[in-house]
Amino acid sequence: MSQLQNISLPGPTITPVSKPFWDSIKEGILSLQQCDECREWIFYPRNHCPHCFHDSLTWKQASGNGKLKTWSVIHRAGHPAWQEYTPYIVGVVQLAEGPSLLTHLPIKEADLVYNMEVTLDIHSVGPHPLPFFKKKEEEHQ
């Protein structure tokens, strides 16, 4: 016996530490923290630098560019609300600034290549804008 459920998409967990990140995504910008002491870029948002443990971090606009390091095609979603979107692709992007992040990739599976250049592509999923990454178009001269 099946039971119909009205399941809403889970949104991001926004904390006081991560709020500037999500606010910038709403504006169409990727922002990351940078340590004021060692100058390393940081992701995921936190209260201290994971490189030197300094607690003075500044939010700065990032380039929004990176390279695809790995990916997976999701056929069976981890949350029931995502199942209707399957199959979809998630991957790890190493940002030009250094940190890596797990993201959705609106790219055809056949077009995925290791180290391909990607760029920020914000998509609204339900009421939430999320940072996806798409294939970076070659610049024409």
- Please tell me if the side chains of C35 and H51 come closer than 4.5 Å, counting only heavy atoms from C-beta onward. no
- Donor-acceptor pair between Q83 and T86 side chains, under 3.5 angstrom: yes
- Message: For residues L102 and V17: do they belong to one hydrophobic cluster (side chain heavy atoms under 4.5 Å, members Ile, Leu, Val, Met, Phe, Trp, Tyr)?
- Response: no
- Take S63 and E97 through the side chain to side chain donor-acceptor pair (under 3.5 Å) test and state the conclusion after the steps. CA-CA 8 Å; S63 67; E97 292 77 13; 3.0 Å; yes
- Message: Once rounded to the nearest 0.5 Å, what's the spacing between atom CD of Q94 and atom NZ of K69?
- Response: 5.0 Å
- Which heavy atom of W22 sits nearest a heavy atom of P129, and at what distance? CZ3-O, 3.9 Å
- Query: Looking only at heavy atoms, what is the nearest atom pair of P20 and P16, with distance?
  - Reply: CD-O, 3.8 Å
- Query: Less than 4.5 Å apart, any side-chain heavy atom of L95 and any of S100?
  - Reply: no
- Item | Nearest heavy atoms of V90 and L105, plus distance in Å | C-CD1, 4.0 Å
- Task: Please round to the nearest 0.5 Å and tell me the distance separating atom CG of L120 and atom CD1 of I25.
- Result: 5.5 Å
- Query: What are the two closest non-hydrogen atoms of I107 and K135, and how far apart are they?
  - Reply: CD1-N, 3.6 Å
- Message: So that I know where these two stand, are W71 and Y114 an aromatic pair - ring centroids less than 6.0 Å apart?
- Response: no
- For the side chain of T103 and the backbone of P131, is there at least one donor-acceptor N/O pair under 3.5 Å apart? yes
- Task: Output, in order, the C-alpha distance, side-chain angles, deciding distance and verdict of ring pair (Phe, Tyr, Trp, His ring centres under 6.0 Å) for F43 and F21.
- Result: CA-CA 10 Å; F43 187 84; F21 173 81; 5.3 Å; yes
- Item | Distance-minimising heavy-atom pair for V73 and P87 | CG1-CB, 4.0 Å
- Just checking, any donor-acceptor pair under 3.5 angstrom between side chains of Q34 and K60? yes
- Item | Closest approach of T70 to L68 (non-hydrogen atoms, all atoms of both residues) | O-CD1, 3.4 Å
- Message: What's the separation between atom CG in L32 and atom OH in Y44, rounded to the nearest 0.5 Å?
- Response: 14.0 Å
- Query: Is any side-chain heavy atom of I42 closer than 4.5 Å to a side-chain heavy atom of P99?
  - Reply: no
- Message: Please evaluate residues Q33 and R46 with respect to the criterion side chain to side chain contact (heavy atoms under 4.5 Å, CB included), reporting the C-alpha separation (whole Å), side-chain torsions for both, the decisive distance (0.1 Å), and the verdict.
- Response: CA-CA 8 Å; Q33 293 170 303; R46 47 190 109 192; 4.3 Å; yes
- Classify the ring geometry between H48 and F53 as parallel (under 30°), tilted (30 to 60°) or perpendicular (over 60°). parallel
- Query: Stepwise, does the side chain to side chain contact (heavy atoms under 4.5 Å, CB included) test hold for K134 with V118?
  - Reply: CA-CA 5 Å; K134 65 181 180 181; V118 293; over 6 Å; no
- Message: I'd like to know whether H123 forms a side chain to side chain contact (heavy atoms under 4.5 Å, CB included) with L130, so could you lay out the CA-CA distance, the side-chain angles of the two residues, the decisive distance to 0.1 Å, and finally the verdict.
- Response: CA-CA 5 Å; H123 287 246; L130 300 176; 5.7 Å; no
- Query: Hey, what do you get for NZ (K26) to NE2 (H128), rounding to the nearest 0.5 Å?
  - Reply: 9.5 Å
- Item | Reported CG-to-CD distance for the pair L57 and E40, which is rounded to 0.5 angstrom | 12.0 Å
- Message: I'd like to know whether F133 forms a side chain to side chain contact (heavy atoms under 4.5 Å, CB included) with L30, so could you lay out the CA-CA distance, the side-chain angles of the two residues, the decisive distance to 0.1 Å, and finally the verdict.
- Response: CA-CA 11 Å; F133 279 77; L30 179 66; 4.3 Å; yes
- Query: Hey, does D121 have a side-chain heavy atom less than 4.5 Å from the side chain of P106?
  - Reply: yes
- Task: Measure the acute angle between the ring planes of F132 and H104, then classify it against the limits of 30° and 60° as parallel, tilted or perpendicular.
- Result: parallel
- Query: Is there a path from V93 to I89 through hydrophobic residues (I, L, V, M, F, W, Y) whose side chains come within less than 4.5 Å of each other?
  - Reply: yes
